[in-house]
Amino acid sequence: MSTADVLEQPTQAAEQNRDNIVNDFSIVVATVNGSGSQTANGLLARAAFKMGVPVGAKNLFPSNIAGLPTWYTIRLSKHGYTARREVSEVLVAFNPATAQDDYAALPAGGVVLYPDDIKFLEPRSDVIHYALPSKDIVKKANVDSKLRDLVANMVYVGGLAYLLGIDVGALEEGLSHHFKGKAKPVEMNMNIIRMTLDWAQENLTKQDPYRIEPMKATDGLIMIDGNTAGALGAIFGGVTVTAWYPITPSTSLVDALNAYLPLLRPGEEEGAQPYAVVQAEDELAAIGMVLGAGWAGARSMTSTSGPGISLMTEFAGMGYFAEIPGVIWDIQRVGPSTGLPTRTSQGDLISTYFLGHGDSRHVILLPGSMQDCFEFGWRAFDLAERLQTPVFVLSDLDLGMNVWMTEPFDYPDQPMDRGKVLSAEELAQMESWGRYVDVDGDGIPYRTLPGNTNPMSAYFTRGTGHNPQAVYSERPDDWEENLNRLQKKHETARTLVPKPRVERKEGTEVGIIAFGSTDSAIQEARDQLREQGVETSYIQLRALPLEETLRGFVNAHKRLYVVELNAEGQMCQLIRLFMPERATDIIPLAHLDGLPLAPSYVRRAILEGEKK
Amino acid sequence: MSTADVLEQPTQAAEQNRDNIVNDFSIVVATVNGSGSQTANGLLARAAFKMGVPVGAKNLFPSNIAGLPTWYTIRLSKHGYTARREVSEVLVAFNPATAQDDYAALPAGGVVLYPDDIKFLEPRSDVIHYALPSKDIVKKANVDSKLRDLVANMVYVGGLAYLLGIDVGALEEGLSHHFKGKAKPVEMNMNIIRMTLDWAQENLTKQDPYRIEPMKATDGLIMIDGNTAGALGAIFGGVTVTAWYPITPSTSLVDALNAYLPLLRPGEEEGAQPYAVVQAEDELAAIGMVLGAGWAGARSMTSTSGPGISLMTEFAGMGYFAEIPGVIWDIQRVGPSTGLPTRTSQGDLISTYFLGHGDSRHVILLPGSMQDCFEFGWRAFDLAERLQTPVFVLSDLDLGMNVWMTEPFDYPDQPMDRGKVLSAEELAQMESWGRYVDVDGDGIPYRTLPGNTNPMSAYFTRGTGHNPQAVYSERPDDWEENLNRLQKKHETARTLVPKPRVERKEGTEVGIIAFGSTDSAIQEARDQLREQGVETSYIQLRALPLEETLRGFVNAHKRLYVVELNAEGQMCQLIRLFMPERATDIIPLAHLDGLPLAPSYVRRAILEGEKK
Amino acid sequence: MVATARPERNEKLNLIGLEKGDYKGRPSTLCQGCGHDSISSQIINVAFEMSLKPYEVIKMSGIGCSSKSPAYFLNRSHGFNALHGRMPSVVTGAALANRGLMPIAVSGDGDTGSIGMGQYKHIVRRNVPMVYIIENNGVYGLTKGQFSATADVGQKLKYAGTNELPPIDLCLEAIIGGCGFVARSFAGDAKQVRELLKSAISYEGTAVLDIISPCVTFNNHEDSTKSYPYGKAHEEKLHDITFVPAYEEINVDYEPGTGIEVKLHDGPTIQLKKLDRDYDPTDKLQAMEMLVEAERKQEFITGLIYINQERATLQDTLGMPQTPLAHLPASQLRPPKEALDKLMADLA
Amino acid sequence: MVATARPERNEKLNLIGLEKGDYKGRPSTLCQGCGHDSISSQIINVAFEMSLKPYEVIKMSGIGCSSKSPAYFLNRSHGFNALHGRMPSVVTGAALANRGLMPIAVSGDGDTGSIGMGQYKHIVRRNVPMVYIIENNGVYGLTKGQFSATADVGQKLKYAGTNELPPIDLCLEAIIGGCGFVARSFAGDAKQVRELLKSAISYEGTAVLDIISPCVTFNNHEDSTKSYPYGKAHEEKLHDITFVPAYEEINVDYEPGTGIEVKLHDGPTIQLKKLDRDYDPTDKLQAMEMLVEAERKQEFITGLIYINQERATLQDTLGMPQTPLAHLPASQLRPPKEALDKLMADLA
Ligand SMILES: Cc1ncc(C[n+]2csc(CCOP(=O)(O)OP(=O)(O)O)c2C)c(N)n1
Ligand SMILES: Cc1ncc(C[n+]2csc(CCOP(=O)(O)OP(=O)(O)O)c2C)c(N)n1
Ligand code: SF4
Ligand code: SF4
Ligand SMILES: [Mg+2]
Ligand SMILES: [Mg+2]
């Protein structure tokens with residue numbers, strides 16, 4: 001007998017019941033990590049998506065393989081908002097370890113679904129209870145004991161389907177999408193869902209106002225995570241050498257490479273794979289392989305996270321100074337140090353921009369959407385080879401590991417740019433060539449690749465001082481000229497990196513500056529601010545070094561709030577350095593607790609800043 | 001027959017001859033690296049010092065063991081200026097490979113001493129020539145063939161002694177200082193010097209105006225290099241564990257530890273050495289050992305340079321986050337990458353301040369004199385243990401490897417500060433304790449050392465998120481509170497780090513901000529500027545984080561020139577971030593070519609800035 | 001560090017009056033049945049039975065599921081969960097700072113064999129006194145199932161496919177690196193793990209224990225050479241090992257000549273009762289040959305593979321005093337003013 | 001990579017019409033008499049005699065005096081002077097990008113044995129085709145005379161005192177790491193260095209040459225086991241080695257049974273004429289035993305220590321095509337638009 005039976009349901013809920021809350025609420029699923037609930041949770045999100053309802057899903061999981069608590073929030077929003085909300089109205093309390101707290105955190109009028117063997121110690125009269133006999137249902141379904149825990153999660157899927165009105169067809173479609181059409185698992189899981197639905201029909205009476213109803217808002221959209229998007233981008237960018245070392249949350253990017261390369265890049269030689277993905281012994285080796293391959297003419301990349309970036313410091317400086325292309329993805333997690341490996345952050349900005357002893361500044365791409373992840377996947381190679389330098393792509397766990405809905409990706413609109421590489425023939429036409437000569441005045445010299453048959457092409461790459469002919473030199477003037485050229489090259493980079501996205505509101509004094517995974521939260525916050533009488537412009541930065549679009553935006557506003565997920569306002573600092581004359585008008589809104597940004601934080605902070 | 005005989009000496013020189021140039025000129029000795037000329041050059045500097053004449057010596061050597069050219073400049077200045085000058089009037093051209101260029105670089109009226117087997121291809125009539133029969137003299141001296149090249153350098157010592165009037169007693173004293181009183185080598189070298197003097201008496205007629213005459217300006221001063229000074233400081237600071245990996249220009253700091261520890265810290269156990277100096281397999285291991293030792297209660301340190309700092313990045317972040325004391329000396333050389341290993345720089349400032357992924361900012365000491373090197377040698381340990389964090393000491397090659405004259409060092413004026421360490425007894429008095437609890441509100445928690453017999457004392461040190469009790473935690477609030485506390489601790493550090501040295505000139509609008517090895521050049525430049533009508537105030541920063549003294553200084557001036565030896569104006573950027581409201585008044589004077597700063601650069605740049 | 005007086009006959013308390021519970025750690029967050037947890041419980045048993053003083057032990061580790069485990073034993077000992085692959089350097093520093101501490105370190109095959117290879121080789125070369133446990137499962141557990149460098153050729157993983165690179169034998173690496181105590185065991189063989197742990201703790205120098213510790217989540221299928229089923233089916237013991245504390249007299253329960261006794265520096269003895277093969281763990285070449293053959297023939301051989309007590313520890317090599325450096329009083333750390341004055345005079 | 005047609009009878013030009021001078025490098029800046037320079041000149045000789053195409057060779061190194069030397073040979077080949085201890089990873093990347101290139105890499109005992117140990121172990125494990133030369137002088141030359149990890153016990157250095165840690169044997173490390181070509185030589189033995197270089201260049205896989213290369217400035221005193229005098233006095237050859245190119249017929253100048261021939265994949269043969277001892281370089285255990293004994297007895301044994309041609313190269317393990325990845329045309333690098341459209345459809 002479940003608490004639901006003993007507790008009379010709250011009147012207030014009954015009232016709400018009269019006017020339904022449709023496609024505008026959040027579900028939080030609390031389960032045990034490693035219990036296989038990811039399938040069920042992904043399925044729920046996808047089903048809503050398939051019903052045409054805008055959905056935002058965030059997985060909050062522990063740094064643990066199995067046993068610790070994990071939460072999955074699914075936000076349904078007819079307005080198309082996908083950011084994290086601070087409250088969820090519907091709780092699936094399937095983790096005994098956290099059930100009491102999760103339950104206590106429900107807002108008044110909230111709903112809880114739970115297995116009937118959980119008892120709440122402090123029952124609430126202001127929430128609606130639905131107990132599900134999950135054990136019985138699974139027993140009845142007599143599935144193989146090994147799979148029992150797995151399918152048990154389908155019970156809450158069935159329960160929610162009944163209560164919220166999730167389309168069963170969408171669920172079935174979702175399952176066959178997940179199991180790539182394999183009938184058996186689909187059937188096994190659908191069976192549980194149906195049994196639960198049948199049981200619910202007989203035993204549950206809908207008493208809450210929350211419903212999901214079909215819309216057309218997701219037509220033509222897809223669902224994907226940023227690590228897969230980035231990997232696909234890299235594949236369409238012609239990656240041939242990938243050297244990596246496993247680390248959360250970057251691993252799934254390489255997993256996606258391994259999954260899609262064989263399909264998309266079969267190659268022409270019978271039985272041969274025209275690419276290499278090597279698991280290195282550590283990140284020092286991974287970046288060394290990337291630079292070795294880039295030097296020899298391959299499009300090479302690695303994917304890592306904070307600790308890996310730290311280990312790549314020395315090689316990053318060498319890549320910058322010896323001018324070797326390579327692409328380094330940093331799927332940011334919370335640091336310093338090992339930090340919170342399964343939480344999201346934008347904290348590696350400053351340390352990566354200045355990575356390496358001595359004077360070095362790197363080119364960094366900042367994807368802010370799934371489309372950016374795909375685009376930067378290929379564009380990073382063009383930039384790295386054009387600029388002959390390591391290019392970093394700073395994504396984060398929220399972008400990289402959560403599934404987002406998005407417009408489908410555009411096929412690259414330009415042919416590959418392999419940069420200034422001289423062939424044997426081209427060299428033959430020239431009477432002189434120097435590896436580090438600034439022929440074009442853009443700071444970018446010409447290079448040759450090993451294997452070039454022209455004897456003139458050979459040169460010695462080194463991290464030590466060199467003259468324009470790449471010959472070792474300790475001459476003060478050689479050093480200074482070379483560094484001046486590298487700075488000129490950095491100025492050239494300003495003009496080549498992806499431009500920010502700008503949404504100007506005429507007449508407002510307030511500008512919001514942000515980047516990366518926070519876009520949806522910023523957009524929602526702007527709507528909320530507008531309702532409270534604060535109009536804002538918005539610029540979403542997409543790369544470092546900073547460039548003129550930003551300058552224009554800053555100069556068009558009086559106060560600029562820089563929103564970022566780190567403790568020290570790192571982007572704010574970089575912008576102040578970029579525009580010292582406006583430094584005091586550039587206001588940090590930095591905050592890091594490992595969770596994706598919630599619009600409420602932005603709204604509150606800016607209202608405070610604007611004294612409203 | 002040497003060029004001296006065929007060339008009539010320039011009349012202009014003859015004129016100058018009438019009024020001598022005394023104790024106010026520079027000598028440059030050009031020799032072959034590895035030929036043992038260091039002994040001769042050091043001897044010349046020391047002799048002048050012993051004659052009471054202020055001397056500044058700079059060794060410009062290649063990254064090579066033997067064979068490449070090397071230059072040693074000795075500046076004599078009755079005004080006490082020791083900075084590098086851009087010209088030297090007296091050339092010792094003992095390196096055939098560079099003799100022609102060195103000769104061409106002489107100013108009109110300059111002097112050249114050279115072995116008579118060198119022929120100048122484009123003889124100059126505006127310099128004075130002295131050819132020395134070095135081969136003959138060495139042959140006559142019949143020294144053991146192995147030592148011949150070594151002692152050959154004494155020929156130019158003798159030649160200069162005769163021409164400039166260097167006191168032979170001072171030379172002998174210098175030699176016995178160098179050879180720690182061993183009679184044989186002293187005699188052998190003196191013999192060459194005397195033979196040369198005798199030869200010169202007979203064969204040379206003094207035709208140039210340059211002379212060294214005794215003064216009393218060096219009474220009570222000593223001569224020492226910064227690496228030795230730092231090592232001595234560390235020894236008086238109680239260093240017990242040193243883990244290092246060889247790298248120029250930091251190696252000699254550990255050499256000095258090995259040389260002086262046995263003398264100064266014999267210890268009480270028969271035949272045992274109460275300290276450990278371990279050559280690690282690399283810098284990752286070195287810093288790991290330092291933190292392991294600091295965690296276990298030892299005063300531990302390492303010494304390295306740019307590339308080593310880059311390799312320590314991950315551990316630096318852990319030391320910051322897990323709050324472990326340790327001292328890291330970075331004897332800066334020119335970077336990025338391997339760069340110019342034997343040239344000086346101030347280029348690791350920004351990368352070290354932000355070293356490590358995620359939000360980390362480190363405490364950095366910036367020695368600006370030999371006394372600072374000694375003082376920071378011990379004070380760094382007090383700060384590291386007080387603040388429970390890695391403390392970096394950013395010296396440079398000019399400070400570390402060149403011999404400077406300096407006031408003698410002051411004995412530490414405070415007892416050692418071992419920081420907030422709880423003994424078993426103290427713990428017994430407390431009913432609760434948490435490793436990361438901010439008891440005192442200064443952001444600095446209390447720690448216990450392994451071996452503490454109180455069961456309460458045990459805790460688990462980790463780089464992952466933790467609550468105040470050091471228990472693993474992924475809670476958003478735990479993370480945010482912990483990082484806020486670390487920021488508070490950084491604010492506390494502002495109040496504890498060494499204060500800048502300030503020289504205020506009332507009424508001037510111009511302030512010079514500098515740090516490190518550039519002090520002597522700045523002081524001289526200020527005198528030159530004064531002569532040209534530009535009065536300047538001067539603040540010499542001595543640490544990061546920046547603090548209130550600087551704020552006051554900046555606010556007391558209209559225009560602030562930040563002079564530093566790097567390409568990107570790193571300190572200037574940090575000051576702009578510290579005082580955004582004054583950002584545009586803070587002007588970078590950054591310049592890096594590997595040479596110690598010359599006053600002329602500062603003078604020119606500031607005159608330009610001041611439109612004079 | 002190891003108590004040597006005769007034990008009280010009290011079941012619940014050990015020689016220093018502590019209960020088993022005093023050696024426990026926090027509840028494990030590893031997977032149910034993970035080999036690492038069974039090793040942790042043997043560490044707890046051994047520490048209790050040997051009456052280790054918790055405050056004299058430091059628990060050290062790198063990063064990985066294995067490296068998490070020090071949180072799950074000896075709550076009364078200080079612990080340091082360092083960086084991936086860098087535990088050895090941290091142990092070295094701590095051991096130099098306070099030679100009175102006994103490091104019990106836990107690493108993984110990835111933590112030691114991949115990113116940590118350099119530090120592993122160099123710590124055994126320095127012979128830093130410690131117990132170096134490698135919880136070897138042939139896979140990266142915490143990052144969810146990639147191959148580690150100890151995976152055998154032809155091994156298959158659901159996630160990572162087939163491994164085609166030769167395995168690194170961390171015992172062989174230790175032996176040629178100069179390590180004087182090298183053993184291999186199996187998490188499923190609690191008794192052997194216990195006896196080897198006791199022997200390792202009593203050994204003066206770096207003692208390497210390469211313990212096959214199945215990852216039940218990613219690498220425990222029958223045909224995995226690092227799985228429980230495989231281990232149980234194929235474990236071949238070099239000998240039956242018994243650790244005899246200094247305070248017990250050694251009563252040999254086997255025919256003369258059918259066993260070997262190794263006497264350790266500070267009194268205790270390791271009894272090695274002969275099983276199928278003649279094996280002398282003091283013979284370096286024989287040990288190397290055995291390991292090479294075992295790899296060739298895919299044999300899973302456990303026991304005390306090599307022992308040699310001749311090398312000096314790092315602390316002795318450096319001529320360090322018995323007093324821990326961390327305990328030196330200020331008076332011994334800071335030379336007197338006269339010393340500085342004299343020095344300044346010399347430099348004048 | 002190695003020319004196979006019959007050689008012209010032209011003294012000054014080799015098979016591909018280049019002169020010796022075309023294989024020279026920039027003037028050396030190493031010390032007069034440094035062992036590294038004599039190795040460089042043997043590399044020049046061998047490259048000329050084997051008619052290597054300079055543009056097919058890449059010169060790779062880490063940091064050190066030894067690692068500087070690639071600047072002093074093969075000016076017509078691209079070179080990469082990487083970071084201290086990290087040459088192997090850079091070679092691996094270059095070899096993956098363009099398998100048509102032949103890496104000739106030079107490292108030092110510090111570069112490989114200390115900071116580079118991890119990458120060294122892992123590149124031999126991956127079997128990346130390359131010649132890996134260690135110019136081993138037992139000392140850090142470029143930083144002026146500290147001990148490296150290969151210094152023998154009891155060795156003395158003016159600067160660094162006496163070494164008390166056991167030496168790392170980089171040949172033994174390579175063998176147990178899975179390396180299939182392991183040789184030791186002496187910079188003072190030009191002929192042997194040459195023949196071993198030719199053999200290494202012809203070997204398909206990682207070929208390790210540990211060449212004792214005296215540092216005349218810091219470690220060349222009589223009683224240094226890494227000195228010229230010591231080497232000349234104590235070198236003991238395993239065999240007299242001759243490399244016979246594919247295009248020459250093998251005329252054996254020794255009694256049957258008193259020598260061994262090793263036929264290499266692409267045709268050439270290594271002749272090993274028996275000297276004092278019977279030695280079979282294909283016997284892994286014998287090789288390991290020899291090295292362990294040699295260290296125990298302080299013997300300086302040179303020659304081809306171990307050869308095994310069974311392992312696949314990294315490129316083959318990865319199933320890479322013969323076409324260098326760096327030469328793939330854009331058409332093969334970027335899938336067509338249809339592929340993307342289909343994918344987008346699947347994700348809808
Ligand atoms: C520098 C760095 N790189 C990568 C990681 C991610 N990481 C955590 S554990 C681990 C491997 C653990 O494998 P192993 O040592 O075998 O331990 P196990 O989990 O198998 O017990 C990796 C790669 C990290 N934490 N730090
Ligand atoms: C990261 C880093 N640490 C230290 C150094 C300084 N360093 C340059 S060469 C060298 C050792 C060279 O020894 P070895 O490899 O034996 O070469 P050798 O000079 O003896 O030929 C060191 C420590 C460096 N360049 N980079
Ligand atoms: S993943 Fe494997 S190694 Fe990690 S805890 Fe689970 S079973 Fe153990
Ligand atoms: S120092 Fe030694 S290794 Fe370096 S160049 Fe000179 S002789 Fe060679
Ligand atoms: Mg493992
Ligand atoms: Mg060497």
Side-chain angles (χ1 to χ4, degrees), chain A residues 62-63 305-307 309-311 313-314 316-318 320-322 330 334-343 345 347-348 350-352 354-361 462-465 474 476-477 479-480 483-484 487 566-568 570 573 576-577 580-581 583-584 586 591-595, chain B residues 62-63 305-307 309-311 313-314 316-318 320-322 330 334-343 345 347-348 350-352 354-361 462-465 474 476-477 479-480 483-484 487 566-568 570 573 576-577 580-581 583-584 586 591-595:
Chain A
S63 175
S305 192
I309 292 291
S310 284
L311 286 174
T313 303
E314 191 189 13
M318 178 173 203
Y320 170 85
F321 182 74
D330 172 8
V334 172
S337 199
T338 309
L340 301 177
T342 60
R343 295 290 190 266
S345 142
D348 297 348
I350 280 193
S351 52
T352 307
F354 295 112
L355 198 66
H357 61 279
D359 300 280
S360 36
R361 281 176 304 169
R462 46 159 54 91
T464 41
E474 295 178 350
D477 51 354
W479 181 267
E480 207 161 11
L483 248 69
N484 290 342
Q487 288 181 333
N566 55 55
E568 314 224 321
Q570 300 183 13
Q573 296 187 40
R576 286 175 166 187
L577 290 176
E581 69 282 4
T584 50
I586 296 160
H591 151 80
L592 177 64
D593 62 6
L595 305 176
Chain B
S63 176
S305 192
I309 292 292
S310 284
L311 286 175
T313 303
E314 191 189 13
M318 177 173 204
Y320 171 85
F321 182 75
D330 172 9
V334 173
S337 199
T338 309
L340 302 177
T342 61
R343 295 291 190 265
S345 142
D348 297 349
I350 280 192
S351 51
T352 307
F354 295 111
L355 199 65
H357 60 279
D359 300 281
S360 37
R361 279 177 305 169
R462 47 160 53 92
T464 41
E474 295 177 351
D477 51 355
W479 181 267
E480 207 162 11
L483 248 69
N484 291 342
Q487 289 181 332
N566 55 56
E568 313 226 320
Q570 300 183 13
Q573 296 187 39
R576 286 175 166 187
L577 291 175
E581 69 283 4
T584 49
I586 296 159
H591 151 78
L592 178 63
D593 62 6
L595 305 176

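Reminder, nothing fancy here: chain letters follow the sequence lines and each chain counts from 1. Model, not experiment: these values are computed from the prediction.
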Which bit of [X] comes within less than 4.5 Å of chain A, counting heavy atoms only: side chain, backbone, both or neither?
X	result
B:Thr342	side chain
B:Thr464	both
B:Glu314	both

Under a 4.5 Å cut-off applied to non-hydrogen side-chain atoms, are B:Glu480 and A:His591 in contact?
->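 Yes - at least one pair of side-chain heavy atoms lies under 4.5 Å apart.
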Pick from A:Gly339, A:Pro341, A:Ser305 with the largest number of heavy-atom pairs that fall under 4.5 Å of chain B |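 Result: the option with the highest number of such pairs is A:Gly339.
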Backbone of B:Glu568 reached by a side-chain donor or acceptor of A:Asp359 within 3.5 Å |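 A pair under 3.5 Å: yes.
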With only heavy atoms counted, which part of A:Leu483 is less than 4.5 Å from chain B, the side chain, the backbone, both or neither?
->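 Interface part for A:Leu483: side chain.
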Name the option with the most non-hydrogen atom pairs under 4.5 Å to chain A; the candidates are [options].
options	value
B:Gln570, B:Glu581, B:Arg462	B:Gln570
B:Ser337, B:Ser63, B:Gly347, B:Gly306	B:Ser337
B:Pro307, B:Ser360, B:Gly356, B:Gly465	B:Pro307

No-hydrogen, no-angle side-chain donor-acceptor test under 3.5 Å, A:His357 and B:Ser351 |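 Side chains of A:His357 and B:Ser351: no pair found under 3.5 Å.
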Listed by chain and number, what are the salt bridge (Lys or Arg N to Asp or Glu O under 4.0 Å) partners of A:Arg343, not counting sequence neighbours?
->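 With neighbours one apart ignored, the set is B:Glu474.
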Closest heavy-atom contact between [X] and [Y]?
X	Y	answer
B:Gly317	A:Pro336	O-CB, 4.3 Å
B:Gly335	A:Trp479	O-CZ2, 3.0 Å
A:Ala583	B:Ala583	CB-CB, 4.3 Å

Working to the nearest 0.5 Å, report the span between OG1 of B:Thr313 and CG of A:Leu355.
->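 Those atoms lie 6.5 Å apart.
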